[in-house]
Amino acid sequence: MIHKGEYLRDLLRGEVGKTVHAHGWVKTRRDSKGISFIQLNDGSSFQDLQVVVEAGSIPEEVMKVTTTGACVRVTGEIVASPAAGQPVELKAKEIALYGGADPATYPLQKKGHTMEFLRDIAHLRTRSNTFGAVFRVRNALAHAIHSSFQERGFVYVHTPIITASDCEGAGAMFQVTTLDMMNPPRTDKGEMDYAKDFFGKPAFLTVSGQLNAEIFALAFTNVYTFGPTFRAENSNTPRHLSEFWMIEPEMAFCDLSGNMELAEDFLKYTIKSVMEACPDDLDFFNKRIDNTVLETLTQVVESRFEHVTYTEAVRILEKSGRTWEFPVFWGADLQSEHERYLTEETFKKPVIVTDYPKEIKAFYMRANEDGKTVRAMDVLAPRIGEIIGGSQREERYDVLLDKIRKQDLNEEAYWWYLELRKYGSAPHAGFGLGFERLMLYLTGMKNIRDVIPFPRTPASADF
RNA sequence: UCCCUGCUAGCUCAAUGGCAGAGCGUUCGGCUGUUAACCGAAAUGUUGAUGGUUCGAGUCCAUCGCGGGGAGCCA
């Protein structure tokens, strides 16, 4: 096992003259007359360790199998590099092969791969520059999310992945069953007899942990979830996954403005953390993927988010003089083209839109005094659109019950959600943030399938 | 799900309906320190699948499959 101090990241900072063992995968190799250069990487940093092999120092038969893609252990001395490009390099004394890689069939070369091709070799793309950077950033971001909440005293709550509560209402669900689909048990009426199913009733993969998180917020004050969620929507876009990770904080004694404050602080904190933890990786994204990434991130960290009510947003769009594919009028939901206009052209930074018409938002959102709008907020970001959706929750029992009845929802299914308002209710608020959406923002990557290790999308669940 | 678009060598892409091509990678050779190294040579093809039109189809038509962009749904 590799210990702290032995990763290539550490060897690159190590002292000259020290004899070390370097373990990793050969990224590329360049040969000259009397000397070979091997770029070795173990995933611990963007920077490769350059291994220098002087002619004759390593047996011919070993050099023959030390090719692109091979996994090796190199023993040698850390020396100051005489050439530009790296401060130190490893002068090889011995190379041991763990696993070879036939260069004739090894699919990764050092230039010119498309993301689509790399996605087809998800078992090897992890060794490429791009995906090394992506998944180091993903790790750093996950870490930053936890420390952001932990530092504020939030309690991490594990909401269920399988749910039978049938009231999450955030989109189409994947059903979970152990019934024999070829020959399911039937009731007298000929319907599926879910009493005989594993949980005794229909069960699904969760689409949101929010309702469960509210239970915890009304006992632990400030909580958050961070886990996988599932949507069985037939969405085929670069921004949607069937399985994705969501961050959902929920705060008691919090209103919409507290919610907005947390959303902004949270985004700034996590972005800043990743910028500090992964400077080399972000430099790479800025250089090769999207040359506006660093500028945008810096701007987000330093600027105040724009706040605008839905009503004001509609007015801005109406006055823009644009012709919209989807008409703008008070009461219509904002479309992609409208969101983009607000973030990319009007304000050129993240925008928080609040107080939407109640008709286009969920039943649990807190009604405003005007009788027309609810305390909802969407955080819109340039290039990727909606990144956060949240609201202050309706904490008044009678108002919530009334809404459930008016929207024709199954009152019984919400019995515990209603009881939270019956016993010790409190104003509370929260939001949901798509982890991979934030990854897109941080990396400048264009397709959400390329910021999750193993993407699941309609008709695709490989690896 | 809808609209547009693509599918040719391992990869990225060319090819008026008329001989299947290049760059990169690979292999071999050269080069005294390279950084997506450089120079020379060679090998590499069921043109996504199935039908159809045609003297002749990579090219035109139909259906299907897979990918990409946009939209809807949303995070």
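Residue numbering restarts at 1 for every chain, and letters A, B, ... go by the order of the sequence lines. The figures here come from the full heavy-atom set of this structure, side chains too, leaving out hydrogens, waters and symmetry mates. Since this is a predicted model, take the numbers as computed values, not measurements.
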Taking any heavy-atom pair under 4.0 Å as a contact, classify [X]: base, sugar-phosphate, or nothing.
X	answer
I387(A)	sugar-phosphate
R340(A)	nothing
F435(A)	nothing
P103(A)	sugar-phosphate
S81(A)	base
E325(A)	nothing
T105(A)	nothing

Tell me: [atom1] of [X] to [atom2] of [N], nearest whole Å?
X	N	atom1	atom2	result
D48(A)	A36(B)	CG	C1'	12 Å
L433(A)	C74(B)	CG	P	17 Å
L118(A)	G10(B)	CG	P	17 Å
D450(A)	G68(B)	CG	P	8 Å
I38(A)	G33(B)	CD1	C1'	14 Å
F326(A)	G70(B)	CZ	C1'	11 Å
H113(A)	G10(B)	NE2	P	14 Å
Q86(A)	U35(B)	CD	P	11 Å

Grab the N/O contacts between the protein and nucleotides 38-44 of chain B below 3.5 Å, and write none if there aren't any.
none

* To do: Using the C1' atom as the reference point in each nucleotide, state the distance between C2(B) and G72(B) in Å, no decimals.
  => 8 Å
* To do: Rounded to whole angstrom, note down the P distance from C74(B) over to U16(B).
  => 46 Å
* Structure fact -> Those residues at least two apart in sequence (or on a different chain) that pass salt bridge (charged side-chain N to carboxylate O under 4.0 Å, His left out) with R340(A) are E344(A)
* **Set of residues satisfying salt bridge (charged side-chain N to carboxylate O under 4.0 Å, His left out) with respect to K446(A), sequence neighbours excluded** => D290(A)
Which nucleotide sits closest to the side chain of [X]: [options]?
X	options	value
F117(A)	U12(B), U34(B), U26(B)	U12(B)
A83(A)	C11(B), G33(B), U26(B)	G33(B)
K33(A)	C31(B), U26(B), C24(B)	C31(B)
N447(A)	G68(B), C74(B), C11(B)	G68(B)
H240(A)	C74(B), G72(B), U1(B)	C74(B)
E89(A)	C73(B), U34(B), C24(B)	U34(B)
E54(A)	C73(B), G33(B), C11(B)	G33(B)
N234(A)	G33(B), C28(B), U1(B)	U1(B)
P238(A)	G72(B), G69(B), U34(B)	G69(B)

Check nucleotides 2-4 of chain B against the protein and report each pair of N or O atoms closer than 3.5 Å, with its distance, or say if there are none.
none

Validation: residues 238-247 of chain A side-chain donor-acceptor distances under 3.5 Å, sequence neighbours left out:
residue	atom	partner	partner atom	Å
H240(A)	ND1	T237(A)	OG1	2.6
S242(A)	OG	R456(A)	O	3.4

* Select from A84(A) and E339(A) the residue whose nearest nucleotide in RNA chain B is closer to the 5' end of that strand. => A84(A)
* Hey, which of these two, Y106(A) or Q50(A), hits RNA chain B nearer its 5' end, going by closest nucleotide? -> Y106(A)
* **R152(A) to F154(A) six-membered ring, cation-pi geometry met (6.0 Å, 45°)** => no
* Give me the one residue out of N368(A), T311(A), T373(A) that meets side-chain hydrogen bond (donor to acceptor under 3.5 Å, both in side chains) with D355(A). => N368(A)
Hey, does the side chain of [X] come within less than 4.0 Å of [N]'s phosphate (OP1/OP2), counting only N and O?
X	N	value
R30(A)	U34(B)	no
S336(A)	G72(B)	yes
S32(A)	C31(B)	no
Q335(A)	A71(B)	no

* Asked: Are the ring centres of F226(A) and F435(A) closer than 6.0 Å?
  -> yes
* Looking just at side-chain N and O atoms, do Y224(A) and Q150(A) make a donor-acceptor pair shorter than 3.5 Å? -> yes
* **Any side-chain donor near an acceptor of the partner, E214(A) and Q210(A), under 3.5 Å** => yes
* Asked: Pairing of RNA chain B as dot-bracket, 5' to 3': ( ) intra-strand, [ ] crossing, | other strand, . unpaired, with Watson-Crick or G-U pairs under 3.5 Å?
  -> (((((((..((((....[..)))).(((((.......))))).....(((((..]....))))))))))))....
Acceptor/donor pairs from residues 257-265 of chain A side chains to any protein atom, 3.5 angstrom cut, sequence neighbours excluded:
residue	atom	partner	partner atom	Å
S257(A)	OG	D255(A)	OD1	3.0
N259(A)	ND2	S391(A)	O	3.4
N259(A)	ND2	G430(A)	O	3.0
E264(A)	OE2	K268(A)	NZ	2.8
E264(A)	OE2	F305(A)	N	3.1

Kindly give the atom pairs (protein nitrogen or oxygen, nucleotide nitrogen or oxygen) under 3.5 Å for nucleotides 65-67 of chain B.
none

* Structure fact -> Residue pairs passing the side chain to side chain donor-acceptor pair (under 3.5 Å) test with at least one member in residues 36-48 of chain A, sequence neighbours excluded, are K27(A)-D48(A), R30(A)-Q39(A), D31(A)-S36(A), Q39(A)-D48(A), N41(A)-D48(A), D42(A)-S44(A)
* With sequence neighbours left out, which residue pairs that include part of residues 69-83 of chain A fulfil the side chain to side chain donor-acceptor pair (under 3.5 Å) condition? -> H21(A)-T75(A), S81(A)-Q86(A), S81(A)-E89(A)
Side-chain donor/acceptor of [X] to backbone N/O of [Y], under 3.5 Å:
X	Y	result
S128(A)	R125(A)	yes
R231(A)	V207(A)	yes
S303(A)	Q299(A)	yes
Q392(A)	L256(A)	yes

* Please list, chain by chain and in numerical order, all residues satisfying side-chain hydrogen bond (donor to acceptor under 3.5 Å, both in side chains) with R127(A), sequence neighbours excluded. => none
* To do: For K361(A), check side-chain hydrogen bond (donor to acceptor under 3.5 Å, both in side chains) against everything at least two apart and list the hits.
  => D378(A)
